[in-house]
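None of these values were measured; they are calculated from a predicted model.
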Amino acid sequence: FNKSLQEAAMILYGRLSYETGNTDEALRQLKTLLEVYPNSGHKDEAQTLLSGLTMKTGNYEEALDRLQGVRTKDNNYWSVYQKAAYGYGVQLYRKGEMKKAEEYFALSLQNPLNSEYERAAYFWRAEAAYQLHHYTDAINYAQNFISRMGNMAVIERLSPQSTIQHAYLTMGYSALETGNYIAAQDFFNQAQLARSGDKHTGNVALLLEADAVFLQKNYTKAISLYERIIAGGGTDVDYAKFQKAILLGLTNRQNEKISLLQSLTKVKPASLYAGNAQYEIALTHMEMEHYKDALAALKVITESESDKGIAP
């Protein structure tokens with residue numbers, strides 16, 4: 001066989017092996033092609049296919065390295081590049097290399113042919129931006145994730161954490177960090193309404209919405225939200241009770257405040273907020289000029305080894 005015919009047969013064999021999932025044969029044939037014909041007119045395609053095969057092993061960095069010498073950047077090239085840059089970005093994120101991870105998510109979005117990978121890249125770019133304290137960017141990227149088209153079932157298989165509910169949480173946390181409590185409240189509320197959300201994350205979002213409303217000094221609404229958390233049970237009930245008690249004090253309902261705080265000091269097993277509740281009881285009695293009761297409350301703390309260091 002003449003060389004040009006053999007060269008054409010090798011790239012065709014490698015391509016068909018790649019497309020039918022015969023990885024070992026595809027690797028062998030494509031590597032042989034590049035060794036025997038280093039200046040082949042099919043070099044770019046062979047390198048792109050080899051990059052795709054390398055990517056399937058989870059070695060995204062090497063896959064990207066293989067693409068560096070490719071001159072003809074067709075759709076096949078950009079398809080592999082998008083996925084490899086995304087995959088490497090996720091690996092860097094998990095290693096805690098946020099700045100570098102964010103850069104690779106941006107590279108993945110250069111020419112996004114696959115809408116599911118595009119949305120997932122926006123999700124993780126938002127997460128990286130939040131970790132880098134780039135809160136406005138985090139909100140923008142998360143909003144891009146939410147607004148773009150894509151099959152959410154495919155996206156969640158690709159990246160189970162990439163949900164609309166988690167995106168709204170990230171937006172809410174970012175808004176809190178910038179002091180935009182009204183926006184934070186809305187984002188946390190949207191997280192609760194997300195169809196694909198789970199109950200635990202929804203409860204977290206409810207608690208955060210209550211905190212955002214508290215920070216707006218809308219005490220009546222905040223109390224009602226904390227009451228929903230208390231009624232629902234779960235791990236955040238004691239925190240919600242403590243927050244509600246503080247709000248009762250701010251709305252001049254001191255006796256109700258003391259009663260709720262006392263319930264936290266008596267629960268078994270002991271609440272994590274028992275010590276703080278006891279200290280707050282003492283402060284409230286002092287504000288009401290009930291000095292004897294204040295001393296009694298403080299004595300409980302001074303005689304308890306576990307409550308040392310509660311006072312600010």
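- No donor-acceptor pair under 3.5 Å is formed between the side chain of T201 and the backbone N or O of D198.
- Taking CG of L49 as the reference point, atom CG of D44 lies at 11.0 Å (rounded to 0.5 Å).
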Listing, residues 243-255 side-chain donor-acceptor contacts under 3.5 Å, not counting sequence neighbours, or none:
{"residue": "Q243", "atom": "NE2", "partner": "Y226", "partner atom": "OH", "Å": "3.3"}
{"residue": "Q243", "atom": "NE2", "partner": "Y239", "partner atom": "OH", "Å": "3.2"}
{"residue": "K244", "atom": "NZ", "partner": "E227", "partner atom": "OE2", "Å": "3.0"}
{"residue": "T251", "atom": "OG1", "partner": "L247", "partner atom": "O", "Å": "2.9"}
{"residue": "T251", "atom": "OG1", "partner": "L248", "partner atom": "O", "Å": "3.1"}
{"residue": "R253", "atom": "NE", "partner": "E256", "partner atom": "OE2", "Å": "3.1"}
{"residue": "R253", "atom": "NH2", "partner": "E256", "partner atom": "OE1", "Å": "3.1"}
{"residue": "Q254", "atom": "NE2", "partner": "G249", "partner atom": "O", "Å": "3.1"}

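- Side-chain atoms of Q165 do not come within 3.5 Å of backbone N or O of Q192 as any donor-acceptor pair.
- With sequence neighbours excluded, the residues forming a side-chain contact (heavy atoms from CB on, under 4.5 Å) with A46 are I11, L30, L33, L34, listed by chain and number.
- V154 belongs to no hydrophobic cluster, as no Ile, Leu, Val, Met, Phe, Trp or Tyr side chain comes under 4.5 Å of its own.
- Taken to the nearest 0.5 Å, the CD atom of Q29 stands 4.5 Å off from the CE atom of M10.
- Figure legend: cation-pi geometry between K56 and Y18, with NZ or CZ positioned under 6.0 Å from the six-membered ring centre and within 45° of its axis.
- Between the side chains of Y86 and E118, no donor-acceptor pair is found at a separation under 3.5 Å.
- Between Y291 atom OH and E289 atom CD the span is 4.0 Å, to the nearest 0.5 Å.
- Listed by first and then second residue, the ring-ring contact (aromatic ring centres under 6.0 Å, His included) pairs that reach into residues 142-168 are F123-F145, sequence neighbours excluded.
- Side-chain heavy-atom separations under 4.5 angstrom define the hydrophobic clusters, and the remaining members of the one that includes V237 are I230.
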Side-chain donor-acceptor contacts of residues 106-114 below 3.5 Å, not counting sequence neighbours, with atom names and distances?
{"residue": "S108", "atom": "OG", "partner": "Q82", "partner atom": "O", "Å": "2.8"}
{"residue": "N114", "atom": "OD1", "partner": "E116", "partner atom": "N", "Å": "2.9"}
{"residue": "N114", "atom": "OD1", "partner": "Y117", "partner atom": "N", "Å": "3.0"}

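- Taking the six-membered ring where the residue is Trp, W78 and Y81 present perpendicular rings, their angle passing 60° and hence far from 30°.
- For K257, the salt bridge (charged side-chain N to carboxylate O under 4.0 Å, His left out) criterion is met by E280, not counting sequence neighbours.
- Every side-chain contact (heavy atoms from CB on, under 4.5 Å) that N203 has, sequence neighbours left out, goes to K199.
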Show, in sequence, the C-alpha distance, side-chain angles and deciding distance for Q6 and Y37, and conclude whether the side-chain hydrogen bond (donor to acceptor under 3.5 Å, both in side chains) test is met.
CA-CA 10 Å; Q6 185 183 49; Y37 301 104; 2.6 Å; yes
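- A donor atom on one side chain and an acceptor atom on the other are not found under 3.5 Å apart for T48 and N76.
- Note: Y60 OH to Q91 CD = 6.0 Å, rounded to the nearest 0.5 Å.
- Between the side chain of S51 and the main chain of Q47, no donor-acceptor pair closer than 3.5 Å is present.
- Residues forming a salt bridge (charged side-chain N to carboxylate O under 4.0 Å, His left out) with R28 (at least two apart in sequence, or on another chain): E25.
- The minimum heavy-atom distance linking A126 with T170 is given by the pair O-CG2, 4.2 Å.
- For residues 131-140, the side chain to side chain donor-acceptor pair (under 3.5 Å) pairs, not counting sequence neighbours, are H133-Y135.
- When all heavy atoms of G275 and I301 are compared, the pair lying nearest together is O-CD1, 4.2 Å.
- To the nearest 0.5 Å, the span separating CD on E156 from CZ on R119 amounts to 9.5 Å.
- In this structure, E177 has no salt bridge (charged side-chain N to carboxylate O under 4.0 Å, His left out) partners at least two apart in sequence or on a different chain.
- Between L208 and L169, the shortest heavy-atom contact is CD1-CD2, 3.9 Å.
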Quick one: side chains of residues 260-267, donor-acceptor pairs under 3.5 Å with protein atoms, not counting sequence neighbours, listed by atom name and distance.
{"residue": "S263", "atom": "OG", "partner": "L260", "partner atom": "O", "Å": "2.5"}
{"residue": "T265", "atom": "OG1", "partner": "Q262", "partner atom": "O", "Å": "2.7"}

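- Of the inter-residue distances, the one linking L176 atom CG with Y181 atom OH reads 7.5 Å to the nearest 0.5 angstrom.
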